[in-house]
Amino acid sequence: MALIEPRTLKGFRDFLPAQMIPREKLMETARTVYRRYGFVPIDTPALELLEVLTGKGSEETDRQMYHFTDAGGREVGMRFDLTVPFARFAAQHINELGTPFKRYHIAPVWRGETPQAGRFREFVQCDFDTIGTTGVVSDIETALVIHELLQAIGIDQFQIRINNRQVLAAFLQAQGLENSSTAVLRALDKFEKVGGDQVKKELENAGLNALQADSVLALAAMRGSNDELLSQLATMVTGNEIGEQGVQRLRDLTSALRAAGVPESRYRIDVSIARGLDYYTGVVFETTLGELPSIGSICSGGRYDNLAGLYTKQYLPGIGASLGLDRLLAALEQLGRIPKQPRSADVFIALFDPNGINDYFRLASIVRAAGWSAEVFPESKKLAQQLKYADQRGFRVALIAGSDELAKGTVQIKDLMNKISTEVEWRENPEQLSQALRTMMRLSDDTLLA
RNA sequence: GUGGUAGUAGCUCAGUUGGUUAGAGCGUUGGAUUGUGGCUCCGAAGGUCGCGGGUUCGAGUCCCGUCUAUCACCCCA
């Protein structure tokens with residue numbers, strides 16, 4: 001019978017251990033950082049009623065959403081992001097949760113768009129959000145979490161770009177552009193990429209007069225330190241209450257970041273960051289990698305004060321951001337920062353003497369009880385082959401015991417990096433083995449640092 | 001969804017104006033003194049040349065379609 005070609009859907013991927021191990025590590029880091037700030041975990045279904053999901057992001061997001069009719073005739077959508085389901089979740093459960101409520105959610109989302117480097121149809125987002133407070137404190141905390149998160153992951157060169165929708169709204173209002181806001185913001189967003197002439201052309205196509213187009217270009221061209229930009233923006237929005245509020249919040253945010261000791265190079269006010277998602281109402285964030293800006297934003301978010309209003313009359317303002325796990329991993333891979341062969345376990349136990357199986361498992365449990373992972377080789381192959389396997393999988397230490405050692409109740413502990421081995425007695429006193437391991441692990445840690 | 005580029009072993013690629021059994025390196029695997037790894041040497045496995053159709057005596061090589069990847073548009077993590 002004809003074989004079915006084994007393959008995955010366009011934009012969907014399998015993950016081999018070499019990819020999955022760093023992937024899990026990243027999720028673990030995100031969890032740790034989120035918990036450190038008091039965010040708690042939740043989960044929601046992959047599928048929602050279509051009406052819950054559509055019309056919340058933008059026309060484009062609706063077009064990219066996977067949807068179908070289920071066997072009961074219900075219109076069903078696959079979640080496009082984690083923010084919209086969270087707004088639904090909060091509206092539904094807020095009486096049990098109380099406000100403010102801070103949650104994180106690490107889960108896959110699906111978008112039916114054309115795949116590219118760092119863009120997939122199924123990818124994991126690591127969201128954290130705060131709901132039920134409009135204060136600038138949560139704006140600040142969101143930025144601090146983004147910063148700490150990337151730092152914890154071990155990325156040095158990144159920049160959080162910050163803007164505020166209120167400021168943009170004030171600008172649009174002043175120019176009489178409220179009705180073409182989408183086109184204007186889109187053009188603004190492209191400024192850095194395509195340049196002023198192209199943007200101007202686009203603006204004119206969108207029906208702006210020369211005066212209006214020039215004002216947009218002037219906005220896009222604003223440059224300077226964060227403080228300089230703040231004062232320029234303040235002048236621009238003078239007299240507009242919303243705009244003044246936005247500028248003030250940006251000012252509070254940047255001064256808090258400075259006070260928290262976040263290096264100036266790590267964040268920057270950027271008036272061209274607009275974000276396509278319609279639900280943002282205040283501060284917006286995008287984070288780009290200094291070494292690979294072309295992959296796009298790896299951590300984005302912002303304030304959405306009206307999103308839950310679609311599901312409840314209760315006022316539930318929110319703010320949050322999302323780390324794009326798969327995009328970040330794609331970037332790290334391109335930068336050669338993903339180890340080719342990640343370690344499967346710390347300690348390798350050679351199966352030397354087939355009659356000693358019980359002892360090998362006893363050794364393994366001593367190692368595990370001491371806090372390390374251990375693996376017993378499943379066959380009594382030649383020792384050279386077993387050591388080669390151990391070497392290739394990145395084990396740090398091998399335990400070797402043949403019939404001689406087993407008879408004496410000893411085992412050879414071998415540091416695989418330094419090729420140094422010592423023999424210890426373990427049968428009478430297992431603590432000797434864990435002690436010797438501790439010493440050896442410390443030694444190999446030192447060599448790693450050197 | 002639209003357009004550009006690409007598609008040969010698990011990976012990186014070679015394959016001369018279309019010509020007979022499609023190659024290399026790395027990796028995998030076995031061996032080179034029945035107790036010690038990353039080096040070396042020898043051997044082996046592994047390819048419907050992405051898939052389908054067409055032109056031709058003959059197609060990995062030319063043409064068309066299709067799928068996938070990638071880039072751009074669009075949007076975004």
Side-chain angles (χ1 to χ4, degrees), chain A residues 2-3 5 7-13 16 18 26 30 57-65 80-83 106-127 146 182-183 185-187 189-190 193-194 198 202 273-278 280 284-289 294-301 321-331 334 340-341 348 350-354 377 380-395 397-406 412-421 423:
Chain A
L3 293 173
E5 189 188 346
R7 55 188 189 145
T8 56
L9 227 40
K10 181 196 187 83
F12 289 72
R13 300 162 301 155
L16 275 60
L26 267 189
S58 66
E59 277 177 41
E60 184 64 23
T61 63
D62 290 351
R63 242 191 39 206
Q64 292 181 1
M65 195 179 308
F80 177 92
D81 66 9
L82 299 177
T83 308
I106 299 175
V109 302
W110 296 270
R111 298 183 187 178
E113 65 174 337
T114 308
Q116 260 176 56
R119 312 175 60 154
F120 312 100
R121 289 186 166 181
E122 176 179 61
F123 59 95
V124 165
Q125 292 195 318
C126 309
D127 273 42
I146 296 175
T182 314
L185 294 183
R186 192 178 295 162
D189 220 315
K190 276 197 254 183
K193 205 169 180 182
V194 301
Q198 187 67 34
E202 235 173 89
I273 297 300
R275 316 274 310 132
L277 264 30
D278 292 340
Y280 290 120
V284 287
F285 303 101
E286 280 194 7
T287 311
T288 45
L289 294 172
S294 61
I295 202 118
S297 173
I298 47 138
C299 188
S300 312
S322 177
L323 175 74
L325 185 89
D326 288 290
R327 177 171 291 182
L328 176 58
L329 278 163
Q334 272 188 40
K340 285 234 159 57
Q341 181 65 65
F348 176 80
L351 200 159
F352 205 157
D353 177 359
F377 198 76
S380 63
K381 277 197 187 171
K382 283 173 58 174
L383 191 58
Q385 282 175 42
Q386 296 194 40
L387 285 173
K388 192 176 175 197
Y389 169 88
D391 182 49
Q392 287 168 339
R393 305 287 160 125
F395 286 89
V397 167
L399 296 189
I400 301 166
S403 42
D404 298 351
E405 286 92 343
L406 290 178
Q412 216 185 105
I413 308 182
K414 180 164 190 159
D415 185 320
L416 288 167
M417 272 183 264
N418 304 332
K419 297 185 127 177
I420 302 166
S421 66
E423 193 167 329

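Reckoned from all heavy atoms, side chains included, excluding hydrogens, waters and symmetry mates. Every value quoted in this text rests on a predicted model; they were computed, and no experiment measured them. Letters A, B, ... are given to chains in the order of the sequence lines, protein chains preceding strands, and every chain is numbered from 1.
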Base, sugar-phosphate, or nothing: which does Phe120(A) touch, judged by heavy atoms less than 4.0 Å apart?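 Result for Phe120(A) = base.
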
Gap in Å between the two C1' atoms, one belonging to G43(B) and one to U48(B), rounded: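 It works out to 27 Å between them.
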
When the C1' atoms of G50(B) and A6(B) are compared, how many Å lie between them, rounded to an integer? 11 Å

With a 4.5 Å limit on heavy-atom distance, are the side chains of Arg327(A) and Phe123(A) in contact? no

If we call it a pair only when both distances are under 3.5 Å in a Watson-Crick or G-U wobble match, what pairs with U61(B)?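 Base-paired to nothing in any strand shown.
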
Distance check needed: A69(B) P versus Glu113(A) CD, whole Å only.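 Going from Glu113(A) (CD) to A69(B) (P), I get 12 Å.
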
Residue mapping more 5' on RNA chain B - nearest nucleotide basis, Leu387(A) or Thr114(A):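 Its nucleotide being nearer the 5' end, the pick is Thr114(A).
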
Taking for each residue the nucleotide of RNA chain B with the nearest heavy atom, is it Phe80(A) or Phe12(A) whose nucleotide lies nearer the 5' end?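 Residue closer to the 5' terminus by nearest nucleotide: Phe12(A).
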
Can you check the Leu16(A) CG to U28(B) P distance for me, whole Å?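 So the CG-P distance, Leu16(A) to U28(B), works out to 15 Å.
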
Could you tell me how far U17(B) sits from G58(B) if I compare only their C1' atoms? Round to whole Å.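 That atom pair is separated by 16 Å.
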
Please tell me if the side chains of Leu416(A) and Val397(A) come closer than 4.5 Å, counting only heavy atoms from C-beta onward. no

Check every atom of A77(B), G37(B), U36(B) against the side chain of Ile400(A) and return the nucleotide holding the closest atom. U36(B)

What nucleic acid atoms does Arg63(A) come within less than 4.0 Å of, heavy atoms only: base, sugar-phosphate, or nothing?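 Nothing: the residue Arg63(A), judged by heavy atoms under 4.0 Å, touches no strand.
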
Distance, C1' atom - from A9(B) to A45(B), rounded to whole angstrom: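 Between the two C1' atoms, the distance is 11 Å.
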
Tell which nucleotide pairs with G30(B), taking only Watson-Crick or G-U wobble pairs whose two distances are both under 3.5 angstrom. C42(B)

Mind checking if Glu122(A) touches a base, just sugar-phosphate, or nothing, with heavy atoms under 4.0 Å? nothing

Taking the inter-plane angle between the rings of Phe348(A) and Tyr389(A) on a 0 to 90° scale, is it parallel (under 30°), tilted (30 to 60°) or perpendicular (over 60°)? tilted

Separation of C71(B) atom C1' from Gln116(A) atom CD, nearest Å, is 6 Å

With sugar-phosphate meaning primed atoms plus P, OP1 and OP2, does Gly394(A) contact a base, only sugar-phosphate, or nothing at under 4.0 Å between heavy atoms? nothing

Distance check, C1' atoms only: U70(B) and C39(B), in whole angstrom units. 38 Å

Is any side-chain heavy atom of Asp326(A) closer than 4.5 Å to one of Arg13(A)?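 Answer yes - side chains close enough.
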
Rounded to whole angstroms, how far apart are CD on Gln334(A) and C1' on A69(B)? 13 Å

Under 4.0 Å, counting only non-hydrogen atoms across every strand here, what does Cys126(A) touch: a base, just sugar-phosphate, or nothing?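 Result for Cys126(A) = nothing.
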
Gln385(A) CD to U36(B) P: how many Å, rounded?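 About 13 Å, once rounded to whole Å.
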
Any donor-acceptor pair under 3.5 Å joining the side chain of Lys414(A) to the base of U36(B)? yes

Find out whether Arg121(A) and Leu9(A) are in side-chain contact, i.e. whether some heavy atom of one side chain is under 4.5 Å from a heavy atom of the other. no

Hunt down the Watson-Crick or G-U wobble partner of U16(B), both distances under 3.5 Å, from any strand shown, or write none. none

Please report the distance, rounded to the nearest Å, between CD1 in Ile420(A) and P in U36(B).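 One finds 19 Å between P of U36(B) and CD1 of Ile420(A), rounded.
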
Is there, by distance only and without an angle test, a donor paired with an acceptor across the side chain of Arg119(A) and the base of A77(B) below 3.5 Å?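 Not at all, since no donor on one side and acceptor on the other fall under 3.5 Å apart.
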
Tell me which nucleotide among C71(B), A69(B), G35(B) gets nearest to the side chain of Gln412(A). G35(B)

Answer whether the closest heavy-atom distance between the side chains of Trp110(A) and Phe12(A) falls below 4.5 Å.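 In short, these two side chains touch, coming nearer than 4.5 Å.
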
Check this one for me: any side-chain N or O of Gln64(A) less than 4.0 Å away from OP1 or OP2 of G1(B)?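 Gln64(A) to G1(B) OP1/OP2: no side-chain N or O under 4.0 Å.
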
Within this structure, what is the CZ-to-P distance between Phe123(A) and A77(B), rounded to whole angstrom?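 Checked: the CZ to P distance equals 7 Å.
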
For U55(B) and C62(B), measure between their C1' atoms and round to the nearest Å.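 Roughly 8 Å separates the two C1' atoms.
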
With centres under 5.5 Å and planes under 30° as the test, does Phe352(A) stack with G35(B)?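 Per 5.5 Å and 30° rule: no stacking.
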
Integer angstrom distance from the C1' of C76(B) to that of G38(B): 44 Å

Looking at the side chain of Arg327(A), which of A32(B), A69(B), A77(B) is the nearest nucleotide? A77(B)

Return the nucleotide paired to A6(B): Watson-Crick means purine N1 to pyrimidine N3 with N6-O4 or O6-N4, wobble means G-U with N1-O2 and O6-N3, both under 3.5 Å.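 Here A6(B) is engaged in a pair, and the nucleotide opposite it is U68(B).
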
Would one find a side-chain N or O of Lys10(A) under 4.0 angstrom from OP1 or OP2 of U68(B)? yes

Watson-Crick/G-U partner (both atom distances under 3.5 Å) of U36(B):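 WC or wobble partner does not exist here.
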
For Ala390(A), answer base if it contacts any base atom (sugar-phosphate contacts may also be present), sugar-phosphate if it contacts only those atoms, and nothing otherwise; contact means non-hydrogen atoms under 4.0 Å. nothing

Consider the side chain of Lys419(A), meaning its heavy atoms from C-beta on, and name the nucleotide among U70(B), G37(B), U36(B) that approaches it most closely.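 Closest nucleotide to the Lys419(A) side chain: G37(B).
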
Nucleotide U36(B), atom P - distance to CG of Asp404(A) in whole Å: 13 Å

Just N and O in the side chain of Lys381(A): are any of them under 4.0 Å from OP1 or OP2 of G30(B)?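 For G30(B), OP1 or OP2 has a side-chain N or O of Lys381(A) closer than 4.0 Å.
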
At 4.0 Å (heavy atoms only), tell me whether Leu323(A) reaches a base, stays on the sugar-phosphate, or touches nothing.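 Answer is nothing: Leu323(A) stays at 4.0 Å or more from every strand.
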
Classify Ile298(A) by what it touches in the nucleic acid, base, sugar-phosphate, or nothing, heavy-atom distance under 4.0 Å. sugar-phosphate

Kindly indicate whether the side chain of Leu323(A), heavy atoms from C-beta on, has any atom under 4.5 Å from the side chain of Thr287(A).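 Result no, sub-4.5 Å side-chain heavy-atom pair not found.
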
Closest to the Ser300(A) side chain, choosing from A77(B), G35(B), G37(B):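 Closest of the options to the side chain of Ser300(A): A77(B).
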
I'd like to know if Gln386(A) reaches the base of U36(B) with its side chain, counting only an N/O donor and acceptor under 3.5 Å.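 Side chain to base: no pair below 3.5 Å.
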
Does some side-chain heavy atom of Arg111(A) sit less than 4.5 Å from a side-chain heavy atom of Thr61(A)?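 No; the side chains remain at least 4.5 Å from each other.
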
Quick one: does Met65(A)'s side chain get under 4.5 Å of Asp62(A)'s, heavy atoms only? yes

Euclidean distance for P, A22(B) against A32(B) (whole angstrom): 33 Å

